[in-house]
Amino acid sequence: MHLTSKGFPLFLTFDLDAETMWTGRDPDYARRPIMMSQGAYGWKVGTDRILKLLDQYEAKTTFFVPGLVVEQRPALMERILEAGHEIAHHSYSHRWILTLSHDEEREEMERGFEAIRRVTGYAPKGWRSPAAELSDISMDLMLEYGFEYSSNFFDDDSPYLHVVNGQQTDLVELPFRWVLDDAPFFQYSIALPGRTMQAPSAVAETWKLELDALHAEKRMMMIGFHPQIIGQPSRLWALEQLLKRAREKGDVWIGRCDDMVADMRPRLKAATA
């Protein structure tokens, strides 16, 4: 039996960082227009190309968006929402959590939370760290703000309920791994770590093999993309190959994180009990 009522859960998520991928690391990068243009590709071109592909395959997904980008690109947020996708929390400015004081981290959480609520009309249900790191208060903040799921940890191939400060919670973790992220394969930058340009065919084969194995084990697959990376034509081809493989299996549910978490939580609670 799969973890959801609608089959194997395949989570396609998109971190729409735009220029904050750079400015979150160093605000001075904002003075480098060519560098900033790499982030702009995500909102100018990449996201709409992704939305068109998702519509073609009738797939609903989740976009993790920094609050600053939500505020700067309201028309794009509207297109994401009109297509039926979820907007989830990805900090406010994409600053690295380990460089923040507790007060600064709380401000990032609050400002991003409110930016999403203003644009979408609902409180965000999921949170993903802007740089794959947590502080000693991050889990407490997620509970305080009422998040239903986290997608941050790399420790499993199945969802699970978090234990925080020794207490069992209803906060669902949707784990992933670096092999299930487009950046290690495709990100090329003169400033950020990693300068790689792998063949899309090799990446597509990797993701299809991951899907085959996880599907056979009746687990889940969480994969993270960045519109400025995967939204480029040859790289989007790799995503389409994954969509085709998922369609071939016949029992794969590609859905929004919030919808799939709501479906699987009763099973997770029963298993924990």
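Along the sequence shown, residues are numbered consecutively beginning with 1.
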Can you name the nearest heavy-atom pair linking [X] to [Y], along with the distance?
{"X": "Phe113", "Y": "Ala123", "value": "CZ-CB, 3.5 Å"}
{"X": "Tyr160", "Y": "Pro175", "value": "CE2-CG, 4.4 Å"}
{"X": "Ser151", "Y": "Phe176", "value": "O-CE2, 3.6 Å"}
{"X": "Pro159", "Y": "Met264", "value": "CG-SD, 3.5 Å"}
{"X": "Arg219", "Y": "Ser158", "value": "NH1-OG, 3.2 Å"}
{"X": "Cys257", "Y": "Thr62", "value": "N-OG1, 2.9 Å"}

Quick one: do [X] and [Y] end up in the same hydrophobic cluster if we chain Ile, Leu, Val, Met, Phe, Trp and Tyr together by side-chain heavy atoms under 4.5 Å apart?
{"X": "Leu12", "Y": "Leu180", "answer": "yes"}
{"X": "Leu143", "Y": "Trp127", "answer": "yes"}
{"X": "Phe225", "Y": "Leu209", "answer": "no"}
{"X": "Leu53", "Y": "Leu51", "answer": "yes"}
{"X": "Phe11", "Y": "Tyr149", "answer": "yes"}

Do the ring planes of Trp207 and Phe186 sit parallel (below 30°), tilted (30 to 60°) or perpendicular (above 60°)?
-> perpendicular
Taking the side chain from [X] and the backbone from [Y], do they hold a donor-acceptor pair closer than 3.5 Å?
{"X": "Ser129", "Y": "Glu133", "answer": "yes"}
{"X": "Thr47", "Y": "Gly42", "answer": "yes"}
{"X": "Asp182", "Y": "Ile223", "answer": "no"}
{"X": "Arg265", "Y": "Asp170", "answer": "yes"}
{"X": "Asp15", "Y": "His226", "answer": "no"}
{"X": "Glu173", "Y": "Phe153", "answer": "yes"}
{"X": "Asn165", "Y": "Gln167", "answer": "no"}
{"X": "Ser91", "Y": "Pro66", "answer": "no"}
{"X": "His94", "Y": "Pro130", "answer": "yes"}
{"X": "Thr61", "Y": "Arg256", "answer": "no"}

Determine, stepwise, if the pair His85 / Phe14 fulfils ring pair (Phe, Tyr, Trp, His ring centres under 6.0 Å).
-> CA-CA 11 Å; His85 304 292; Phe14 299 87; 7.9 Å; no
Do NZ/NE/NH1/NH2 and the carboxylate oxygens of [X] and [Y] come within less than 4.0 Å?
{"X": "Glu240", "Y": "Arg235", "value": "no"}
{"X": "Asp48", "Y": "Arg79", "value": "yes"}
{"X": "Asp259", "Y": "Lys60", "value": "no"}

Verify whether the ring centers belonging to Phe8 and Trp253 lie closer than 6.0 Å.
->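 Ring centroids of Phe8 and Trp253 are no less than 6.0 Å from each other.
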Between Tyr145 and His89, ring centroids under 6.0 Å =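 No: the rings miss the under 6.0 Å criterion.
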Please determine, by modelled atom types, if [X] and [Y] share a side-chain donor-acceptor pair under 3.5 angstrom.
{"X": "Tyr92", "Y": "Glu110", "result": "no"}
{"X": "Tyr122", "Y": "Glu86", "result": "no"}
{"X": "Glu105", "Y": "Ser138", "result": "yes"}
{"X": "His215", "Y": "Asp251", "result": "yes"}
{"X": "Asp103", "Y": "Ser101", "result": "no"}
{"X": "Gln72", "Y": "Trp43", "result": "no"}

[atom1] of [X] to [atom2] of [Y]: how many Å apart, nearest 0.5 Å?
{"X": "Lys244", "Y": "Lys208", "atom1": "NZ", "atom2": "NZ", "answer": "9.0 Å"}
{"X": "Thr206", "Y": "Gln198", "atom1": "OG1", "atom2": "CD", "answer": "7.5 Å"}
{"X": "Leu211", "Y": "Gln241", "atom1": "CG", "atom2": "CD", "answer": "12.5 Å"}
{"X": "Leu214", "Y": "Met222", "atom1": "CG", "atom2": "CE", "answer": "12.0 Å"}
{"X": "Arg25", "Y": "Thr99", "atom1": "CZ", "atom2": "OG1", "answer": "10.0 Å"}
{"X": "Leu161", "Y": "Ser150", "atom1": "CG", "atom2": "OG", "answer": "11.5 Å"}

Worked verdict on Arg32 versus Glu19 for salt bridge (Lys or Arg N to Asp or Glu O under 4.0 Å) | CA-CA 11 Å; Arg32 300 171 66 172; Glu19 294 89 342; over 6 Å; no
When you look at Thr196 and Gln187, which way does the side-chain hydrogen bond (donor to acceptor under 3.5 Å, both in side chains) test go after all the steps?
-> CA-CA 6 Å; Thr196 59; Gln187 179 165 283; over 6 Å; no
Show your working on salt bridge (Lys or Arg N to Asp or Glu O under 4.0 Å) between Asp263 and Arg267 and close with a plain yes or no.
-> CA-CA 8 Å; Asp263 185 273; Arg267 292 171 172 79; 3.5 Å; yes
So which of Ile97, Leu141, Asp140 actually passes side chain to side chain contact (heavy atoms under 4.5 Å, CB included) with Ser135?
-> Ile97
Should the pair Arg128 and Phe64 be classed as cation-pi, given the thresholds of under 6.0 Å to the six-membered ring centre and 45° from the axis?
-> yes
side-chain contact (heavy atoms from CB on, under 4.5 Å) between Val179 and Glu210, worked out | CA-CA 9 Å; Val179 74; Glu210 286 280 334; 3.7 Å; yes
With a cut-off of 6.0 Å (strictly less than), are more than 12 heavy atoms of other residues, nucleotides or ligands near [atom1] of [X]?
{"X": "Lys44", "atom1": "NZ", "result": "no"}
{"X": "Gln56", "atom1": "CD", "result": "yes"}
{"X": "Lys249", "atom1": "NZ", "result": "yes"}

Dump the intermediate steps for side-chain contact (heavy atoms from CB on, under 4.5 Å) on Leu68 and Arg111, then the final yes or no.
-> CA-CA 8 Å; Leu68 181 61; Arg111 293 182 71 186; over 6 Å; no
Please step through side-chain contact (heavy atoms from CB on, under 4.5 Å) for the pair His102 and Asp136, ending with a clear verdict.
-> CA-CA 9 Å; His102 286 175; Asp136 56 339; 2.8 Å; yes
Heavy-atom side-chain proximity of [X] to [Y] below 4.5 angstrom:
{"X": "Pro124", "Y": "Ile116", "value": "yes"}
{"X": "Glu144", "Y": "Arg106", "value": "yes"}
{"X": "Trp22", "Y": "Gln38", "value": "yes"}

Dump the intermediate steps for side-chain contact (heavy atoms from CB on, under 4.5 Å) on Met221 and Leu242, then the final yes or no.
-> CA-CA 11 Å; Met221 184 172 178; Leu242 178 63; 4.2 Å; yes
